[in-house]
Amino acid sequence: MEKFYLTTPIYYVNDVPHIGHAYTTILADVIKRYKQLRGFRVFFLTGTDEHGQKIERSAAKQGLTPKQLSDAMVEHFQKLWATLRIEYDAFIRTTDDIHVRGVQKIFSRVMEKGDIYLGDYSGHYCISCENFIPDSVEETPEGKRTCPDCGRPTDNRVGEKCYFFRLSAYGDRLLKFFEENPEFVTPRSRMNEVVSFVKMGLRDLSVTRSTVKWGVPVPGDPGQTVYVWFDALSNYITAIDFLDEGERFREFWPADLHIMAKDILKYHAVYWPAFLMAAGLPLPRKELIHGWWLKDERKMSKSSGNVLDPHILLKHFSPDAIRYFLMREASIGADGNFSHEGFINRVNTDLTNDWANLVSRTTGMIEKYFANSFQGGGLYTEKEKEIAAGYRRLEKAVLELFDQYQFNRGLEMIFEYVNRLNRYIVETQPWNLAKDEANRPHLAGVLKTLCRAIASVNTLLSPILTDTSATVRLIFASPDPGLGWKELPEEFSIGQGTQLFPRVDSKAFFAEAEASPTRAAAATSAKGATMQETRIPDANIPPQAAAAAPSAESHAVSQAGTAATEGLIEITDFRKVQMIVAKVLAAEKVEKADKLLKLQVDTGSDTRTLVAGIALYYKPEELVGRRIIIVKNLKPAKLRGILSQGMILAASDADNRPYIPILPEETPIGAILK
RNA sequence: GGCGGCGUAGCUCAGUCGGUAGAGCAGACGGCUCAUAUCCGUUAUGUCGGGGGUUCAAUUCCCUCCGCCGCUACCA
C-alpha cells in the first residue's frame, strides 16, 4: 500500500481561525479522504505556530504566559477542525518538546555542515519587526536608521551576533531542482514566480534572534532563539519523529504534498527546500498553492470588517454544505469569491434540489411501491445498462480530475450525472409503471438501478460530504465503501429516507445575518491560511485602501452611479490625503540609480527623507532651499534600500517628465493644501 | 518600468492548435407529480475588451491600445 503524507501550514495563534484557515484545512482533509479511497496509507498533519514576540506580548497584556495563551488558541483551532469533520493524524505545536528538540537537531546538523554560521553583525535592528536593517539603509544625521518595513526609527544594535543560513549557496541547486521537477509547485504560474525569484539571486538568511525569548533556544547558545522560518517549516519533519528518525519518519518522509495559500509560497518553495538540502534530507514531492477567498469581490481584512467567520456559517449550514461550497466554487490557484447569495444558491441548487431530492424521491418510491424491500428480480432494459455505463465513464473522468486536485471540475461532472439520474426518473415514469401489476419487474429494475447509481455516486462524493455520505450509505445498505459501480443484490431492503439538506431560506438567512453583529467576534485578517501572518518579516501584504480594491465609498458611488457622479469622489476622500508645504534641506543623487534623488525635507513638524524619481530632470542643487508640496501621510516605501516617507507632487507630461511646483519663499513650512 | 496572466450571455465561467460560440445560475414558456414548490423539456440575449493586420475566413494567429490581476523594479 502506497503512503501519502500531506500537510497544511501550521497556523499562527495570534488570531482565531478564519475562513482562510478553514479552506486550507478542509482542502487537505478532502485530499486525505480521497487518497484513502484510492487505497493510499495517508498521514495528514496540521498544527499551530506559537512562538515569537507577538505572542509573548499579547499574552503579557492578558496576564497569561505565552503557553497559556497558546493553549487557549489551540483549543479554538481544534474545536473548529472537529466541527468541520477534519480528521488529521497529528497536530503539531511548535511548543511541543518533540518539535523543539527536533528543530535543535536540524539546526545542529546544518551548522556542522557549515551552512549555518555565526555572523558578526553589528548593524541596526527593528524591535517591532524583529528584523535587521540592511546596510543599504543609510543613517540619518543623528546616527539612526529607519526600518524599511514599519518606518520606525531605530538605533538598536542589539543584534551584534546572530546565525545565518547560507542560502546564497543554494541558488543553482534550487534552479536545477526546479528544472528537473517542473511540477514541484502547482499551479505552474506560481512555479514561474519562484524560479524568477531565485534567478534574481539569494542572500544569506538570518535564522536566529537574540531579542526574542519565546522560541526554540539555539543549541549551545541559549542567548539566541531560532527565528520564524527555520522553526516553523521544520514542523513538517519534527511532527513525524525526525528527532529519533523513528519509524514514522522513515515511512512518511518526504512529504507528498504541502498545501498553502499563495502568500507563503516563497518560504515553502525556496527556503524549505534549501534547508532540507543542507540537512541532507529528501525534498517534498509537491506544493499546492491556492488563492484567497474574497468577500463580495473584495479582499477580506480586519479594517474592512468583512472577514468571514466559519462559526457564523456553521450556525446556518451543515459542515457538509460548507465543505461542498468551498470545494465546488473555487478552482485551485485562483482566488475564490464568497458571497452569501452564491453560497445559498449553490447549496440549495446542487445539494438540496438535485442530490438530496434524488435520494428522497427514490427512497419515497421504494417505500411506497415496495415497502422498502425488494423481493425477487427485476427487468433491465438498455436504458438501465446505459445508466451503469454512464457511471463508469463518470468515475474515470472524475478520478482524473481529483488526482489533479481539480475538485471544482470533478464535482461539476458528478452533478451532471446526478441530473442525468433525475432525467432518468422522468423518462421511465415509475409512478405510471406502478399502476399496472404487469410492469412490476420493470419498476423494480428502475428503482434498483437508481439505488445502485446513488450508492456509487455517493462514494465519489464521500471525501467532501462526510456526514451525508455516511447516511446515504446506511440507507442503501451498501456495505462496500470502495469505488466502482455498486452491484447491489437483487433482493435487499433499504432504510428510511431522511432529509439530507434542508433548504435554506435566503430571506430568513439574510434577516438573521444582518441582525447578528458579525464583526466583533471574529475580526481577523483573512488572507488565506497563512503560516505566520505577522511573523512574516517581508510579507508585503498590499495596503488595503490601495489600488487593488475600490474603497467602500467609491464602490457605493459607482453603484448608485448616474453618469454625472461617475468617478467623482467625496470631499472626505480628498481630505484623506495630507498635502503640505515642505522645505528641501538637502538633496543628493542615489548611488547606482539613474532616476532617483534623495531629499531631506523639513515638514514643519519633522525632518524626513523622501526619494523621488526626478534625477533625470532636476539637479540636487536646483532644489535645495525650495518650498515644495509633499504628500505627508503616504505609507513609507523603500526604494533602492532607502526609506521614502512621503511623496513630492509634480506635474507629469506624456513622457513622464516631472514639473515640480515651487512655492513662494514666504510660504510657511508645514502649511496645509486644501 | 519589466515578466506572466486575464478581459466570452444579466451573473459565474468553459471553449475554439482559424470556419461568426457554449454550461450552470437568474429570466420566459411548457410538461410531470415519485420527491424538501422539487424534477424534466423548450427558449431569448452575446459586434467572444477597443482598433488595426495576416487570411477565402479570426472570438481563436500577429501588432497596438484600454482595463484588471499576480510577481518584480531605480513609481511613491
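Convention: sequence-line order gives letters A, B, ...; per-chain numbering from 1. Only heavy atoms go into these numbers, but all of them, side chains included; no hydrogens, no water, no symmetry mates. What you are looking at is a predicted structure, and each value in this text was computed from that prediction instead of being measured.
- Sorted by first and then second residue, the side chain to side chain donor-acceptor pair (under 3.5 Å) pairs involving residues 355-364 of chain A (not counting sequence neighbours) are A:R361-A:N422.
- Under the rule for a side chain to side chain donor-acceptor pair (under 3.5 Å), the partners of A:Q496 that lie at least two apart in sequence or sit in another chain are A:E367.
- For B:G49 and B:A73, the P atoms lie 32 Å apart once the distance is rounded to whole Å.
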**Complete:** Heavy-atom contacts, protein to nucleotides 26-41 of chain B, under 4.0 Å, summarised as B (base), S (sugar-phosphate only) or - (none) per nt, yield ------SSBBB-SSSS
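- Every residue meeting the ring pair (Phe, Tyr, Trp, His ring centres under 6.0 Å) condition with A:F184, not counting sequence neighbours, appears here in chain and number order: A:F177.
- A:A615 comes within contact range of no nucleotide atom at all, as no heavy-atom separation falls under 4.0 Å.
- Taking atom P on both nucleotides, B:U60 is separated from B:U8 by 14 Å, rounded to a whole Å.
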Without placing hydrogens or testing angles, list every side-chain donor-acceptor pair under 3.5 Å for residues 439-446 of chain A, not counting sequence neighbours.
from   : atom 1 : to     : atom 2 : distance (Å)
A:R440 : NH1    : A:Y369 : O      : 3.4
A:R440 : NH2    : A:Y369 : O      : 2.9

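- For the strand RNA chain B, secondary-structure stems (runs of at least three Watson-Crick or G-U pairs, all distances below 3.5 Å) span B:1-7 with B:66-72, B:10-13 with B:22-25, B:27-31 with B:39-43, B:49-53 with B:61-65.
- Residues meeting the ring pair (Phe, Tyr, Trp, His ring centres under 6.0 Å) test with A:Y424, sequence neighbours left out: none.
- For the pair A:M413 CE and B:A14 P, the computed distance is 16 Å after rounding to whole Å.
- Under the side chain to side chain donor-acceptor pair (under 3.5 Å) criterion, A:R503 pairs with A:N353, sequence neighbours left out.
- Not one N or O on the side chain of A:R473 forms a donor-acceptor pair closer than 3.5 Å with the backbone of A:N458.
- Across all strands shown, A:G497 has no heavy atoms under 4.0 Å from either base or sugar-phosphate atoms.
- Under the side chain to side chain donor-acceptor pair (under 3.5 Å) criterion, A:Q429 pairs with A:N432, sequence neighbours left out.
- Within 4.0 Å (heavy atoms only), A:V611 reaches sugar-phosphate atoms of the nucleic acid but no base atom.
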